[in-house]
Undergrad: 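Dropping a structure here in structure tokens format, bear with me for questions.
Labels below follow one simple rule: chain letters A, B, ... track the order of the sequence lines, proteins then strands, and each chain is numbered from 1.
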Number of protein chains: 2
Amino acid sequence: MAEIQSLARGLKMMELIALAEGGMGITELAEQIGVDKSTASRLMGTLATYGFAEQDATTRRYRLGPKVVTLSRYLLTRMPLREQAKPFLHRLVDRTGEGAHLAILAQGGALYIDQVESPATLRATTGVGTIAPLHCTALGKALMTFGNLPQPQQMKAFTARTIVDADTLRVHLEQTRRQGYAVDDEEYEYGVRCVAVPVYDYRGKVVGAIGVSGPAGRMSLERVPEIARIVMEVGKDLSDRLSFR
Amino acid sequence: MAEIQSLARGLKMMELIALAEGGMGITELAEQIGVDKSTASRLMGTLATYGFAEQDATTRRYRLGPKVVTLSRYLLTRMPLREQAKPFLHRLVDRTGEGAHLAILAQGGALYIDQVESPATLRATTGVGTIAPLHCTALGKALMTFGNLPQPQQMKAFTARTIVDADTLRVHLEQTRRQGYAVDDEEYEYGVRCVAVPVYDYRGKVVGAIGVSGPAGRMSLERVPEIARIVMEVGKDLSDRLSFR
DNA sequence: CCGATTGTTGGGAATTATACAACTACCTGT
DNA sequence: ACAGGTAGTTGTATAATTCCCAACAATCGG
């Protein structure tokens with residue numbers, strides 16, 4: 001009785017319809033959750049009346065409702081870190097010409113909570129709300145290394161460069177720690193390189209990470225150290241800013 | 001029995017903690033919903049286990065969890081309109097130097113589903129997920145006028161310029177229809193002007209609106225017609241793009 | 001036009017959520 | 001330091017709510 005069944009089922013349904021391309025039907029939902037059609041129908045009806053889901057007028061299939069978008073905004077706008085970091089993201093874009101991102105640790109991954117896009121036509125953008133793995137993204141590595149987190153047990157390979165061996169990663173992170181910044185060299189997505197550093201709050205605790213990412217063509221390996229210098233500098237400024245108050 | 005009680009209560013709680021600055025305590029939540037502390041505690045516990053809420057480690061108060069952000073992203077990335085409109089938003093920013101926004105009709109208001117920020121230091125930005133009133137924003141007026149929606153019954157005043165009289169608004173919208181674009185002249189926020197046009201899908205139905213907004217200093221009333229020409233042109237291009245398929 | 005599949009409503013049974021209570025942890029003021 | 005108070009988390013029995021079964025409506029495909 002620790003968990004309220006019908007609420008849990010409703011939440012599971014939200015996750016299911018979120019992932020399903022083009023919405024989901026009641027029957028399929030009922031099967032996935034393991035309940036009767038009628039139960040699923042009523043649960044979805046409740047979600048719909050509160051705006052968390054909506055039913056397509058023609059296909060009768062359910063998809064997520066606008067309420068989740070508004071709630072997400074409430075959450076994001078109430079994050080002090082996000083507010084404080086915004087100008088520094090802009091500074092990163094101005095100085096590097098690449099897209100800048102801010103992430104925090106959530107759900108065992110790096111949750112992107114803000115971004116400023118590159119003005120270039122060809123740009124690497126990871127949408128706000130993405131949860132990226134820790135072991136193969138610059139932001140994730142920064143969070144993991146400087147936040148002293150244990151390495152993930154499972155390390156999925158996304159590209160041929162993804163580090164999947166625990167020992168290799170350990171060595172890699174030791175170097176990351178020494179140099180003070182993390183790099184993702186096409187380990188998560190082909191053709192995209194990232195550089196990131198941790199962000200500390202007033203008590204020296206890692207509260208997030210910021211970094212830039214761009215197409216490998218512009219973000220050449222020779223240019224990475226230069227980018228890293230900028231990211232470290234801006235990251236330090238942001239952490240300094242967070243020291244006050 | 002049309003509405004599942006415990007699910008509804010859980011959803012209401014999410015809305016409550018979303019709005020509360022600095023989170024909410026169980027006791028207050030229980031009062032607001034009208035249930036016992038124990039019930040509220042268990043409901044919140046369920047929300048927390050699924051990531052829809054989280055409990056502050058020190059204050060024990062509850063706030064929204066990261067799951068809503070990820071769900072929001074799923075919803076947004078699966079919107080064809082958003083994907084199609086993105087390059088046109090960039091084009092608007094390139095050609096006007098002001099911030100560009102994309103909105104759809106949701107929950108009786110204009111729901112901002114994407115934005116591209118202005119490169120200028122002083123910029124007007126309305127975050128993705130905002131639901132703005134229809135009667136005093138350019139995007140809202142565009143949706144309302146060209147989507148042939150009835151005027152809202154209640155028209156709240158946000159600034160001294162906000163149109164609150166139904167007849168005045170009707171005349172204003174008639175002009176909007178004639179000129180083909182909608183303007184918000186500091187009617188929602190002081191110092192911010194917006195220009196917007198509707199977006200049509202392949203069957204000629206209004207599916208959203210795009211526009212630019214900027215500080216009144218740069219977006220002078222003399223410049224509005226010029227901006228409007230650009231917005232109308234880009235809006236037309238986007239609608240043309242949506243005509244195919 | 002008919003069969004089939006999908007989504008929505010009724011109603012009885014029983015699981016489940018609820019309120020009450022006791023308990024623990026924390027904070028605050030003296 | 002201590003006591004009083006407040007806030008949050010467990011037990012537990014009751015009874016209300018939700019669940020499954022079934023029938024029904026509606027849409028789709030052949």
Side-chain angles (χ1 to χ4, degrees), chain A residues 1-67 78 203 205, chain B residues 1-65 67 75 78 203 205:
Chain A
M1 182 187 162
E3 190 172 278
I4 272 105
Q5 194 182 56
S6 41
L7 177 54
R9 284 174 171 170
L11 300 179
K12 283 181 198 160
M13 288 181 139
M14 286 180 66
E15 296 186 355
L16 284 173
I17 60 174
L19 292 168
E21 192 84 35
M24 266 179 100
I26 280 291
T27 308
E28 194 185 348
L29 269 164
E31 282 170 9
Q32 295 275 344
I33 304 284
V35 295
D36 193 77
K37 287 193 305 178
S38 61
T39 303
S41 176
R42 279 184 252 259
L43 287 167
M44 285 308 300
T46 306
L47 287 173
T49 55
Y50 287 90
F52 287 82
E54 60 185 14
Q55 191 172 29
D56 190 291
T58 58
T59 66
R60 311 230 110 196
R61 295 167 76 81
Y62 284 95
R63 54 169 180 262
L64 277 183
K67 186 54 75 59
R78 284 185 205 299
R203 64 196 336 172
K205 191 170 163 256
Chain B
M1 185 190 161
E3 195 171 90
I4 272 112
Q5 191 182 59
S6 42
L7 176 55
R9 284 174 171 168
L11 300 179
K12 283 181 200 160
M13 287 180 140
M14 286 180 66
E15 296 186 354
L16 284 173
I17 59 175
L19 292 167
E21 192 84 36
M24 267 180 98
I26 280 291
T27 308
E28 194 183 350
L29 269 164
E31 281 171 8
Q32 295 275 345
I33 304 282
V35 295
D36 193 77
K37 287 194 304 176
S38 61
T39 303
S41 175
R42 278 184 252 260
L43 286 167
M44 286 307 301
T46 306
L47 286 173
T49 55
Y50 286 90
F52 286 81
E54 59 184 16
Q55 190 172 31
D56 191 291
T58 57
T59 66
R60 310 231 109 196
R61 295 166 76 83
Y62 283 94
R63 55 169 179 262
L64 276 183
K67 185 55 74 61
L75 171 57
R78 286 194 201 299
R203 62 196 337 171
K205 191 172 162 253

Undergrad: Applying the side chain to side chain contact (heavy atoms under 4.5 Å, CB included) criterion to A/Met24, which one of A/Arg63, A/Gln32, A/Met13 satisfies it?
TA: A/Gln32
Undergrad: In whole angstrom, what separates B/Ile33's CD1 from C/dA19's P?
TA: 12 Å
Undergrad: Nearest 0.5 Å, please: how far is CG in A/Leu64 from CZ in B/Arg78?
TA: 9.0 Å
Undergrad: Checking side chain to side chain contact (heavy atoms under 4.5 Å, CB included) between A/Arg9 and each of A/Leu29, A/Ile4, A/Leu43, which is the one that passes?
TA: A/Leu43
Undergrad: For B/Met24 and D/dA7, give me the distance from atom CE to atom P, rounded to whole Å.
TA: 12 Å
Undergrad: How close do B/Tyr50 and A/Lys12 get, heavy atom to heavy atom, and via which atoms?
TA: OH-CE, 3.1 Å
Undergrad: Which of these nucleotides, D/dG8, C/dC20, D/dC20, is closest to any side-chain atom of A/Thr39?
TA: D/dC20
Undergrad: Base, sugar-phosphate or nothing for A/Arg9? Non-hydrogen atoms, less than 4.0 Å.
TA: sugar-phosphate
Undergrad: To the nearest 0.5 Å, tell me how far A/Leu7 CG sits from B/Arg42 CZ.
TA: 13.5 Å
Undergrad: For B/Met44 and C/dA17, give me the distance from atom CE to atom P, rounded to whole Å.
TA: 17 Å
Undergrad: Can you check whether A/Ser41 has a side-chain N or O nearer than 4.0 Å to OP1 or OP2 of C/dG7?
TA: no
Undergrad: Any N or O donor-acceptor pair linking the side chain of A/Ser38 to the base of D/dC19 at under 3.5 Å?
TA: no
Undergrad: On DNA chain D, nearest-nucleotide positions of A/Thr59 versus B/Thr59: which is more 5'?
TA: B/Thr59
Undergrad: From CD1 of A/Ile4 over to P of C/dT16, roughly how many Å is that when rounded to an integer?
TA: 12 Å
Undergrad: How many Å lie between CE on A/Met13 and P on C/dG7, as a whole number?
TA: 11 Å
Undergrad: Counting only side-chain heavy atoms from C-beta out, which of D/dA22, D/dT9, C/dA17 sits nearest to B/Ser6?
TA: C/dA17
Undergrad: Can you tell me which nucleotide in C/dA17, C/dG7, D/dT9 comes closest to the side chain of B/Tyr62?
TA: D/dT9
Undergrad: Given D/dT9, C/dT8, D/dC20, identify the nucleotide with an atom nearest to the side chain of B/Gln55.
TA: D/dT9
Undergrad: Quickly work out the B/Glu3 CD to D/dA16 P distance and round it to whole Å.
TA: 19 Å
Undergrad: Nearest to the B/Asp36 side chain among C/dT8, C/dT18, C/dC20, which nucleotide is it?
TA: C/dC20
Undergrad: What's the closest nucleotide to the A/Gln5 side chain, out of D/dC20, D/dG11, D/dC19?
TA: D/dC19
Undergrad: Tell me if the side-chain of B/Thr27 makes a donor-acceptor pair with the base of D/dA7, cut-off 3.5 Å, by modelled atom types.
TA: no
Undergrad: Could you check how far CG of B/Leu43 sits from P of D/dT18, rounded to whole Å?
TA: 11 Å
Undergrad: Starting from P on C/dT6, measure out to CD on A/Glu28 and report it in whole angstrom.
TA: 10 Å
